[in-house]
Amino acid sequence: NMTLYSDDGKRLLTVKSPYSVFNKEKKIFNLKKTTINLFKDNKTEYVINSDKSKLSNNNNLIELIGNVVVKNYSKGQDKLYANSFTWSIQNSEYLLVGNVKYENDAITLSSNKAILNKDVNMIEFFNPVKYKIKDKNKEDIFEINSENAYYNFDTKSVSFSSRKERVRSKIYF
């Protein structure tokens with residue numbers, strides 16, 4: 001069990017793992033079956049589980065690898081899945097790569113890469129993006145394929161954009 005604090009003494013995160021090896025030369029913790037709790041105002045905001053992880057650079061970089069699941073407790077039971085998750089602790093952005101999927105009761109967004117930005121409480125999904133809307137029974141009603149998508153956790157809204165050309169979406173009913 002490990003707890004990291006900010007410079008002003010606030011609890012940033014806790015790390016739990018049944019297996020830990022510390023590489024003294026590289027200053028890296030190699031962990032297995034990792035559970036990380038991220039805190040906001042001393043309350044658990046996110047719980048992240050993974051098969052393996054690395055805590056490195058004097059605890060300034062966290063890499064989670066294999067079956068990464070991020071559960072957001074401040075906004076309900078939203079879940080975010082990926083093959084890998086990288087976070088520089090000094091930064092409020094999280095990089096998710098490989099089979100990235102965000103899921104809640106109403107929608108599913110999936111792509112191969114996404115960036116979660118805690119400062120603006122938004123996640124950006126990169127090309128190609130699949131967006132599925134669910135009905136009351138949590139079954140898919142229709143699907144949209146698009147280039148990039150942004151999901152705002154505060155407003156629970158999705159927007160689509162493209163930096164180089166017009167947004168192209170296909171709607172399947």
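As the structure is a prediction and not an experimental result, all values here were calculated from the model.
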| message | Quick one, Lys101 with Thr108, criterion side-chain contact (heavy atoms from CB on, under 4.5 Å). Give me CA distance, side-chain angles, the key distance, then yes/no. | response | CA-CA 7 Å; Lys101 180 171 75 170; Thr108 300; 3.7 Å; yes
Starting from the C-alpha separation in whole Å, work towards a yes-or-no answer on side-chain contact (heavy atoms from CB on, under 4.5 Å) for Thr14 and Ile36.
CA-CA 6 Å; Thr14 60; Ile36 297 176; over 6 Å; no
If you take all heavy atoms of [X] and [Y], which pair is closest and at what distance?
{"X": "Ser111", "Y": "Pro128", "answer": "CB-O, 3.2 Å"}
{"X": "Glu147", "Y": "Val129", "answer": "O-CG2, 3.3 Å"}
{"X": "Val100", "Y": "Ala82", "answer": "CG2-CB, 4.1 Å"}

Fill in: Verdict with supporting geometry, Thr3 and Leu13, side-chain contact (heavy atoms from CB on, under 4.5 Å)
CA-CA 6 Å; Thr3 303; Leu13 61 97; over 6 Å; no
> Going by the angle between their ring planes, with limits at 30° and 60°, are Phe153 and Tyr102 parallel, tilted or perpendicular?
Replying inline: perpendicular
Is there a path of hydrophobic side-chain contacts, each under 4.5 Å between heavy atoms of I, L, V, M, F, W or Y residues, that connects [X] with [Y]?
{"X": "Ile65", "Y": "Trp87", "result": "no"}
{"X": "Leu95", "Y": "Phe126", "result": "yes"}
{"X": "Val69", "Y": "Leu109", "result": "no"}
{"X": "Phe39", "Y": "Leu12", "result": "no"}

*asked:* Does Asn23, at its CG atom, have more than 12 non-hydrogen atoms belonging to other residues, nucleotides or ligands within less than 6.0 Å?
replied: yes
Around atom CG of Asp7, are there more than 12 heavy atoms of other residues, nucleotides or ligands at under 6.0 Å?
no
Distance, nearest 0.5 Å, that separates [atom1] of [X] from [atom2] of [Y]:
{"X": "Ser50", "Y": "Lys32", "atom1": "OG", "atom2": "NZ", "answer": "12.0 Å"}
{"X": "Leu116", "Y": "Ile123", "atom1": "CG", "atom2": "CD1", "answer": "5.0 Å"}
{"X": "Glu63", "Y": "Ser84", "atom1": "CD", "atom2": "OG", "answer": "8.0 Å"}
{"X": "Lys71", "Y": "Thr35", "atom1": "NZ", "atom2": "OG1", "answer": "9.0 Å"}
{"X": "Ser20", "Y": "Phe29", "atom1": "OG", "atom2": "CZ", "answer": "5.5 Å"}
{"X": "Asn67", "Y": "Asn83", "atom1": "CG", "atom2": "CG", "answer": "7.5 Å"}

Do any N or O atoms from the side chain of Asp41 and from the backbone of Lys43 form a donor-acceptor pair under 3.5 angstrom?
no
message = Check whether Thr44 reaches the backbone of Tyr46 with its side chain - one donor and one acceptor, N or O, closer than 3.5 Å.
response = no
Review point. Can Glu93 and Asn117 be said to form a side chain to side chain donor-acceptor pair (under 3.5 Å), step by step?
Key: CA-CA 4 Å; Glu93 287 188 351; Asn117 187 324; 3.3 Å; yes
Note, [X] side chain near [Y] side chain (heavy atom, < 4.5 Å):
{"X": "Val158", "Y": "Tyr131", "answer": "yes"}
{"X": "Leu55", "Y": "Met2", "answer": "yes"}
{"X": "Asn72", "Y": "Leu80", "answer": "no"}

- Query: Just checking, is any N or O donor in the side chain of Asn127 or Asn148 under 3.5 Å from an acceptor N or O on the other one?
  - Reply: no
If you measure only the distance, is there a donor-acceptor pair under 3.5 Å linking the side chains of Tyr151 and Asp78?
-> no
query: Taking the six-membered ring where the residue is Trp, are the ring centres of Phe125 and Phe160 under 6.0 Å apart?
result: no
Next on the checklist: Quick check on the 6.0 Å ring-centre criterion: do Tyr94 and Phe85 meet it?
Outcome noted: yes
side-chain contact (heavy atoms from CB on, under 4.5 Å) assessment of Ile48 paired with Val68
CA-CA 7 Å; Ile48 307 168; Val68 179; 4.0 Å; yes
Quick note, salt bridge (charged side-chain N to carboxylate O under 4.0 Å, His left out) partners involving residues 108-119, not counting sequence neighbours, are Glu45-Lys118
Lys NZ or Arg CZ of Arg11 over Tyr5 ring: under 6.0 Å, within 45°
no
Working for side chain to side chain donor-acceptor pair (under 3.5 Å), residues Tyr81 and Asn99: CA-CA 7 Å; Tyr81 304 90; Asn99 297 319; over 6 Å; no
